[in-house]
Amino acid sequence: MDIPGQSELQHRIRRACLDEDARPLVFILGAGASVGAVPGTAEMVNYFEKSLASDPEDLADFKSTVRTLDGAQQYQAAARFLIERAGLTHLNRVIRLATLRARTPTVSAELARNYLNDESRLKDLEDDFAGWAIPQGIAAIARVLSRVPIDVRGPILTTNFDPLLETALHACGIESYPIVADGDGSFTYPERPSAIVPVAHLHGYWRLGDTLHTSAQLERPRPRLLASLRQILTNSTCVVLGYGGWDDILTSSILQLVAEGNQRLLEVLWANHGPEPTLGALRGNDLPGRIQPYVNVDINSLMPAVDNALASRSKYRLTSALFRKNRQAISGCTPIDTEFRRFEMARDSSPARTLAFFDGREPNWGDIFGGVAAPLARSRAILGDALLWEIASPGYLIEGPTGEGKSTVLKQVAGALAERSEYQVWWANQGDRVDVDALLALSVTSARICLFVDDADLHVAELAELLERIEADERTDIRVFMAARDTDWRRSASRYPIPNGRYVRHIVNGISLADATMLVEGWSAWGGRGLGRLADISGSSATRAEHLYQQSLGAGESALLGALLSTRYGGEFREHIRELLARLGRVALPGRKTLLDGYLIVCAVHEMGLGSTAIEHLAWALGLTEAETLPLVVNRLGFEAAAQRHGDYLAPRHPRIARVAIELAEEFGRPLDQVLHDFVADVTAHSVGSRWGEETLAVVFAGQRIESEDVAVAAMAGAVAGDPSQLRLRCAQIGVYRRFEKFDLAEKVCSRAWSDFSTLSDTRIAMRSFYREWSRVVGLLGDYRASAALNACALLDLPEADRNDRNNAGRALSGLAFCLQQLGPDTLQQATQFAGTCAEEAMNIATDSETRAQAERTLGRAVYDGYQTAKNDASHRQVVRDSVRISLTLSNTGPARQLRARADEIHDLLFLLGI
């Protein structure tokens with residue numbers, strides 16, 4: 001019977017992720033998953049041997065006893081030798097040293113030795129998850145888990161010591177924490193789905209506790225751990241990758257569950273790297289239907305293939321069957337209850353994560369529940385109002401500029417109310433619509449229902465309806481707490497006005513001295529790393545708080561965040577941003593781009609006055625799907641306090657950060673003009689053949705609005721590179737060159753466009769604009785003959801172009817009048833009469849003041865030169881005809897030469913002129 005291979009396993013895993021009744025997916029990973037990044041068993045024996053180099057006797061004995069063995073026997077014998085001769089602490093140090101090989105760039109041996117005995121420094125290295133060389137298979141597993149609903153995300157079980165799984169999950173925006181199972185201890189896994197993915201290290205973890213290597217360690221009974229594993233594996237689909245099936249606690253769990261038959265619903269998909277199934281200690285067991293082996297499987301090609309398949313098929317199904325069963329209630333909202341608090345408290349509270357919050361990272365729930373976020377005065381004030389429930393307003397709006405702590409205040413109030421049993425607290429999920437009917441359908445009980453909505457401007461339609469119905473139904477048991485940036489709220493609320501009587505407005509702008517005191521106390525708990533340059537200020541905490549407070553007064557918009565940056569970094573802020581950019585540059589995205597590429601796009605768009613970056617456009621530029629961009633880019637930039645998401649857009653966390661990042665970009669080989677050129681090119685290319693919405697138009701034609709010459713020119717060149725078939729993009733490029741007086745370059749674009757004319761796709765809508773743009777360029781170069789001829793081309797009846805209209809006709813007539821006047825009677829006997837007539841008619845039909853003003857100036861000079869208006873319409877009509885006909889003979893430029901024979905076809909123009 002043929003054994004299925006990698007293709008079949010790929011399809012089976014995809015089905016396990018997409019089935020509506022999908023069970024929890026538990027990945028079981030062995031050493032084969034980390035090969036290439038951390039040493040395998042054979043290389044580890046070399047590490048063990050090198051660690052004995054200082055003792056010749058031990059080294060000789062090691063070679064004579066261990067090196068005579070093969071495979072797993074040699075590895076276990078080597079580990080046993082180190083434990084017996086040097087001790088378990090020595091062995092753990094070697095494991096740490098070997099694990100650090102997965103750092104990129106590689107940690108030097110001297111630096112590594114400085115880290116080995118300092119667990120906190122090892123934790124800092126682990127938190128810098130951009131600095132780990134993560135194998136493609138592990139990185140793809142993390143991406144797969146980011147695509148599936150949380151009720152399908154089972155825990156990960158591994159016999160590996162390294163942190164590569166945790167770092168890969170964090171890079172995808174998935175919260176994770178290691179469970180170290182080096183003894184016999186049970187560990188809990190939530191009965192209700194949780195977004196957090198625990199990683200159980202069954203043989204120990206590189207920086208915590210002891211690591212297990214020998215058969216005596218691996219085979220000893222661990223009944224409580226066995227019970228935990230049996231609970232996790234029950235009713236799950238297990239995917240075994242890179243694991244040889246050692247006779248250990250994991251294999252024992254699988255054997256027991258299989259032995260229990262249908263009482264334990266378990267399906268194991270066991271991948272083998274070679275052509276034959278090798279199930280280790282499970283060999284010889286009759287396991288039909290329970291364990292399905294697959295052969296010739298390479299995790300580093302299998303899992304990226306699964307990820308690619310899911311990218312086009314999966315959608316994060318928050319309403320899948322298991323999720324609906326466990327979380328009934330309100331669609332689009334998360335209950336902030338005891339279990340939610342418990343799991344959020346399990347979030348990683350590492351120094352790196354905490355310091356990122358001090359640097360301005362948006363708060364997560366772990367910051368709130370763990371006390372990392374200092375209680376602000378505004379939080380206490382709003383909480384006090386809310387507790388006076390009977391007289392409280394139905395709604396509260398916290399508004400202010402970016403970076404003033406609105407989200408922190410909102411979460412602090414929500415967290416405080418959630419601790420009280422009489423309050424039922426709900427948090428609106430970002431990107432989801434709040435189900436107003438479901439919220440109002442909650443039965444009226446003694447519980448007080450509180451809905452919290454951040455970025456409330458994105459939910460203003462639901463909130464307007466909800467507050468109106470709360471008032472109409474006299475629902476005194478519901479309160480709504482909202483937060484929004486002031487400018488966003490005003491813009492959105494103008495479309496869905498909410499009467500002021502339905503909510504109370506709280507303005508958050510700056511900090512009080514009491515807030516500064518609380519912030520400094522929180523930072524002080526982390527010593528010099530928490531205080532930053534503030535530690536250099538001598539005196540008490542009160543002195544430092546006063547300094548912070550004074551800094552906030554002069555920080556302008558984003559006073560709170562601006563003060564944080566100024567006080568924590570001072571003159572070293574630029575170096576801080578340089579280090580940030582270096583970290584982002586080490587985070588490789590699928591394809592050839594890095595996280596730095598994404599961040600510089602966001603900064604460049606903001607710095608050039610173009611606003612926020614659409615996440616969809618960012619995905620196009622980075623070669624990702626939008627579903628990939630959220631965990632791989634948006635979440636990571638949020639963690640770094642570098643950018644913040646607002647609905648479907650991403651913006652720099654603070655203007656000062658963006659400004660310095662752009663100044664430093666060239667050091668990283670990404671000058672601003674190149675960043676915008678590539679971004680505009682990618683967005684334009686991705687939208688070829690589709691109708692451009694307002695957001696895409698703003699990017700494609702960004703060069704027209706940018707003030708910096710080099711950047712504007714580069715952006716417009718990017719648009720043309722992205723879609724060279726669009727004549728209107730060539731016209732915009734000509735206009736940009738003309739604005740910066742690069743007339744020779746503009747003329748080259750005109751000539752090139754004419755030579756490509758037959759291949760362009762939008763000549764019908766852009767032809768007349770092109771002729772006018774070309775005429776302006778050659779006129780500015782002093783060739784008034786060619787300019788007059790091209791203006792005349794724009795005035796003809798052109799069946800291959802859109803019909804002439806008042807806008808085009810007015811501008812072309814005004815331009816023609818000006819050129820004819822510049823040529824004068826010496827060149828053209830009737831120049832004054834032609835110029836005056838065309839200028840007079842242009843004034844009558846022009847739709848913009850600039851064109852009318854130019855025509856008026858031309859007419860005034862013509863009158864000075866002796867122009868007399870024609871006596872009747874027939875005379876006007878004939879002068880206009882002669883002006884166009886003769887102008888077409890003044891130049892042999894391409895369009896004039898081609899259209900000269902159609903000089904009398906100006907019926908649309910005469911109709912517009914009413915003559």
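For the single chain, residues carry numbers from 1 onward in sequence order. This is a predicted model, so every value here is computed, not measured.
Residues R505 and Y503 have side chains that bring a donor and an acceptor to within less than 3.5 angstrom of each other. A side-chain donor-acceptor contact under 3.5 Å links R448 and Y423. For the residue pair E422 and W389, no side-chain donor N or O sits within less than 3.5 Å of a side-chain acceptor on the partner. Judged by distance alone, the side chains of T334 and N429 do bring a donor and an acceptor atom under 3.5 Å apart.
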With salt bridge (charged side-chain N to carboxylate O under 4.0 Å, His left out) as the criterion, how do D367 and K411 come out once you've worked through the C-alpha distance, each side chain's angles and the decisive distance to 0.1 Å? CA-CA 10 Å; D367 301 323; K411 285 186 173 178; over 6 Å; no
Where do L387 and R420 land on the side chain to side chain contact (heavy atoms under 4.5 Å, CB included) test, with the steps shown first? CA-CA 10 Å; L387 293 176; R420 299 169 179 263; 3.7 Å; yes
Can you check side chain to side chain donor-acceptor pair (under 3.5 Å) on H201 and E166, steps first, answer last? CA-CA 11 Å; H201 293 266; E166 286 84 351; 2.7 Å; yes
Worked check of side chain to side chain contact (heavy atoms under 4.5 Å, CB included) between D385 and V504: CA-CA 10 Å; D385 288 351; V504 174; 5.7 Å; no
Between I156 and L169, does a side chain to side chain contact (heavy atoms under 4.5 Å, CB included) hold up when you go through it step by step? CA-CA 11 Å; I156 298 177; L169 290 166; 4.1 Å; yes
Give the intermediate values and the outcome of salt bridge (charged side-chain N to carboxylate O under 4.0 Å, His left out) for residues R341 and E419. CA-CA 9 Å; R341 177 188 176 91; E419 292 180 352; 2.9 Å; yes
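Other residues, nucleotides and ligands place no more than 12 heavy atoms under 6.0 Å from the CG atom of D648.
Using modelled atom types, no side-chain atom of R433 and backbone atom of S331 make a donor-acceptor pair closer than 3.5 Å. At least one donor-acceptor pair closer than 3.5 Å links the side chain of R475 to the backbone N or O of L440.
S379 has its side chain out of reach of T408: every pair of non-hydrogen atoms, C-beta onward, lies at least 4.5 Å apart. Taking the side chain as every heavy atom from C-beta outward, S524 and L531 approach each other to under 4.5 Å. By the 4.5 Å heavy-atom criterion applied to side chains, L595 and V633 are counted as neighbours. A heavy-atom distance below 4.5 Å is not found between the side chains of L584 and L600. Annotation: side chain of L466 is not in contact with side chain of V434 (no heavy-atom distance under 4.5 Å).
Relative ring orientation between F369 and W365 is described as parallel, the plane-to-plane angle staying below 30° on a 0-90° scale split at 30° and 60°. Taking the six-membered ring for Trp and thresholds of 30 and 60 degrees, F452 and F481 have nearly parallel ring planes, at less than 30 degrees apart.
By the side-chain hydrogen bond (donor to acceptor under 3.5 Å, both in side chains) test, R143 is found to be paired with D307, residues two or more places apart in sequence or in another chain being considered.
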Let me check something: any side-chain donor-acceptor pairs from residues 604-614 under 3.5 Å, sequence neighbours excluded? List them with distances.
none

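The two atoms that bring Y549 and S512 nearest to each other are CD1-C, 3.8 Å, heavy atoms only. Here the closest non-hydrogen pair linking V372 and F357 is CG1-CD2, 3.6 Å. Residues A428 and V453 share a closest heavy-atom pair of CB-CG2, 4.0 Å. When all heavy atoms of R544 and I537 are compared, the pair lying nearest together is NE-O, 3.1 Å.
Between F340 and W427, the ring center distance fails the sub-6.0 Å criterion.
The distance from the CG atom of L581 to the NE2 atom of H576 is 9.5 Å, given to the nearest 0.5 Å. Distance NZ/K406 to CD1/I398: 9.5 Å, rounded to 0.5 Å.
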